[in-house]
Amino acid sequence: MRPLNENDVTAEELFVNRRKFLKLGAAGLVANSAVMDLLAKEFMPKANLQYVKDSNPEQLVLNSFEQITSYNNFYEFTTSKEGVKYLAHTLKTDPWSIEIDGLVEKPFVIDVQDLIKKYTLQERIYRFRCVEGWSMVVPWVGFELSQLIKDVKVLSKAKYIRFETKYDDEMFPDQSRGLFAALDYPYAEGLRLDEAMNPLSLMAVGLYGKTLENQNGAPLRLVVPWKYGFKSIKSISKISFVEKEPLNSWQKSNPNEYGFFANVNPEVDHPRWSQKRERVLGQLFKQRTLMFNGYEKEVAHLYKNMDLTRYF
Ligand code: MTE
């Protein structure tokens with residue numbers, strides 16, 4: 001399926017078809033995908049990014065822009081998934097600088113737009129699976145993390161990459177709640193360097209052809225599609241190359257439930273729920289969760305000889 005834009009449908013078409021839909025809807029045709037597509041178009045943003053399209057060889061069915069931007073985890077705003085988008089306007093992304101430090105030839109600070117300009121943007125249609133058991137399919141736009149890593153000339157001692165979300169309690173209300181905050185901020189995440197170099201690891205700057213909405217982690221976020229969603233850190237302001245495995249926010253808050261690797265694995269249950277199945281946003285019935293979220297061919301070699309029940 002190719003990303004749609006508002007020019008794909010005229011206002012008149014929409015009006016006529018919406019009336020048809022309302023009539024047919026009563027007759028139980030809600031699942032008719034053509035009609036659902038048409039409704040989804042109504043909320044389609046105006047594309048403002050130039051990028052190479054993903055041919056979507058697996059024919060993944062995309063979640064709508066509305067679904068992807070209305071059901072979010074972004075604890076810096078609130079723990080209410082439906083509430084994030086109403087609070088996210090306080091995030092100011094222009095100007096926004098990214099600090100790159102640690103074990104690199106020359107640490108530096110760069111404006112996010114200058115960083116993005118260096119790369120050809122690509123669309124990546126990925127499955128996205130949250131550790132809580134819901135999932136969606138998102139047409140991200142971004143560039144490969146491996147490109148950035150090559151450019152910054154990492155020193156041989158570096159074994160891991162660590163990311164940090166901005167700390168600014170005027171932009172992020174939950175950061176000003178001190179002891180009562182939902183998490184210990186700044187939100188942090190990490191990858192082993194070989195994981196970060198995998199061609200699937202993406203620095204996302206948009207979705208559905210448009211610059212990221214604040215609630216999805218503007219202006220720059222990580223997307224690691226074979227890992228649970230919490231690894232995909234939002235609104236990054238610092239990237240560090242380090243020797244030791246970094247502690248991520250969820251591991252820090254509850255080490256018995258969340259590990260460093262967080263690979264999607266239907267055989268390893270969360271201590272409080274099964275990971276065998278998932279609810280795709282907008283679908284009535286749950287579906288089977290795939291090993292490494294369906295990216296086994298691309299990433300299984302990274303974990304050869306590792307006990308995945310121990311390194312969860
Ligand atoms: N990044 C930051 N900074 N803060 C967060 O609370 N939540 C994580 C991840 N990145 C989170 C974050 C979790 S738990 C998930 S499932 C995904 O973002 C959700 O991404 P989405 O809202 O774009 O679907």
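When a ligand or atom number is given, it counts from 1 through the structure's own listing order. As the structure is a computational prediction, the values presented were derived from the model and not from experiment.
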Show me the donor-acceptor pairs, under 3.5 Å and distance only, between side chains in residues 93-101 and residues at least two apart or in other chains.
{"residue": "Trp96", "atom": "NE1", "partner": "Ile236", "partner atom": "O", "Å": "2.9"}
{"residue": "Asp101", "atom": "OD1", "partner": "Ser240", "partner atom": "OG", "Å": "2.7"}

Apply salt bridge (charged side-chain N to carboxylate O under 4.0 Å, His left out) to the pair Arg221 and Glu189, showing each step before the final yes or no. CA-CA 11 Å; Arg221 74 174 294 174; Glu189 257 309 334; over 6 Å; no
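A centroid separation of 6.0 Å or more is found between the aromatic rings of Tyr311 and Tyr303.
Listed by chain and residue number, nothing satisfies the salt bridge (Lys or Arg N to Asp or Glu O under 4.0 Å) test with Glu298 (two or more places apart in sequence, or in another chain). Residues that satisfy the ring-ring contact (aromatic ring centres under 6.0 Å, His included) test with Phe74, not counting sequence neighbours, are Phe77, Phe172.
Looking at Lys234, Met203, Gln113 one by one, the single match for side chain to side chain contact (heavy atoms under 4.5 Å, CB included) with Leu220 turns out to be Met203.
Contact residues of ligand 1 (protein heavy atom closer than 4.0 angstrom to a ligand atom; sorted by chain and number): Asn72, Asn73, Phe74, Tyr75, Glu76, Phe128, Cys130, Trp134, Met136, Thr165, Tyr187, Asn216, Arg221, Gly229, Phe230, Ser232, Ile233, Lys234.
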